[in-house]
2 protein chains.
Amino acid sequence: MGEQPSIELLPKQHQLLEQLVLAGQELSGQDLHARLRGTPLAMGLATVYRHLRQLQQQGLVRCRHLPSGEALFAPTERDEHHLTCVDCGRTQPLTACPIHDAHLSPEQIGGFQLLFHTLEFFGLCSDCQGRQDQD
Amino acid sequence: MGEQPSIELLPKQHQLLEQLVLAGQELSGQDLHARLRGTPLAMGLATVYRHLRQLQQQGLVRCRHLPSGEALFAPTERDEHHLTCVDCGRTQPLTACPIHDAHLSPEQIGGFQLLFHTLEFFGLCSDCQGRQDQD
DNA sequence: ATAAGAGTGAGTATCATTCTCATTCTGTCG
DNA sequence: CGACAGAATGAGAATGATACTCACTCTTAT
Ligand SMILES: [Mn+2]
Ligand SMILES: [Mn+2]
Ligand SMILES: [Zn+2]
Ligand SMILES: [Zn+2]
């Protein structure tokens, strides 16, 4: 825990990571691109996605996919997960990660160097439970 | 654990669920559509995706997204997760779910009725660790 | 100065998924 | 039995996020 490969981080990669940290919430590639437009930090969409992929490969960023297919990115240092309604899409963050640094046996890990995980819970929110059979 | 809402299951929905169970592995919407083509159980892509969404809303099916954006579906009864290499994409199943029926406080659940979860680990496989700085 | 290599981004291509909407199926009622 | 309402279906078009191309610009080393 606590990688510090700040070496080898391109300026634009550093920018993207910083934006994600500052935002305090998950952002899509499109979001990041839009946020930087007009600023001296602006960069093309291709560069945004290219660097987001590389940041993931370094374990600095992870992403989850919405049902819409859109991917939301966050710094791995922010170990946050969500509970999402399969009906209305309402989402709420969990206040703690249920697996901390889970105990995966070396056998399960099979030589991999673990970088991060994604964990999402799905269910019906109270509103949609009511609307269950009618509607 | 052990829902039995076999009531309210359309024939084609039942078919899709059965295919997923029989397959023993995750299948994409395209996979399912292709598998059924030519058989008397064939159905259009729109119907496949429509019913997959409804099966998810009933908590019978869950899905995860590959980096490619493709979604893979599985029956929720099969509580299996994966460890994927962020570099080469190689993937291996975990032999057990690290969160079983995790202990989420009612406070965290906030009125939701939990249906299923997705959990994926990412890292570097042994091969790609070697290729680390070169390449 | 020159050259090799890395980084960039506007535009285009891709392709899984969703949307449209005309058609077919199913069950009900007079 | 027709006639009709509503649900289900699927071919084809639309969508939209992401990946790819490739010419151009920087950077760095000789
Ligand atoms: Mn976590
Ligand atoms: Mn599990
Ligand atoms: Zn809801
Ligand atoms: Zn690998």
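Naming: A, B, ... by sequence-line order, numbering from 1 per chain.
A donor-acceptor contact closer than 3.5 angstrom is absent between the side chains of B/E120 and A/T118.
Between the C1' atom of D/dA17 and the CG atom of B/L66 lies a distance of 16 Å, rounded to the nearest Å. One interatomic measurement links the two molecules: CG of A/L45 to C1' of C/dG9, which rounds to 9 Å at whole-angstrom precision. Taking atom CG of residue A/L16 and atom P of nucleotide D/dT18, one finds them 13 Å apart after rounding to whole Å. For A/H33 and C/dG11, the NE2 to C1' distance is 12 Å, given to the nearest whole Å. With rounding to whole Å, B/Q30 atom CD is found 8 Å from C/dC15 atom C1'.
With D/dC20, D/dT18, D/dG10 as the candidates, the nucleotide lying closest to the side chain of A/A46 is D/dC20. Nearest nucleotide to the side chain of A/L10, out of C/dT8, C/dT18, D/dA19: C/dT8.
For the OP1/OP2 pair of C/dT8 and a distance below 4.0 Å, the side-chain nitrogens and oxygens of A/T47 include no atom meeting the criterion. For B/H51, no side-chain nitrogen or oxygen approaches OP1 or OP2 of D/dA8 to under 4.0 Å.
Two residues, B/E70 and B/R50, neighbour DNA chain C, and the one matched to the more 5' nucleotide by heavy-atom proximity is B/E70.
Checked options B/T76, B/L55, B/L27, B/L60; the residue passing with B/L20 is B/L27 (criterion: side-chain contact (heavy atoms from CB on, under 4.5 Å)).
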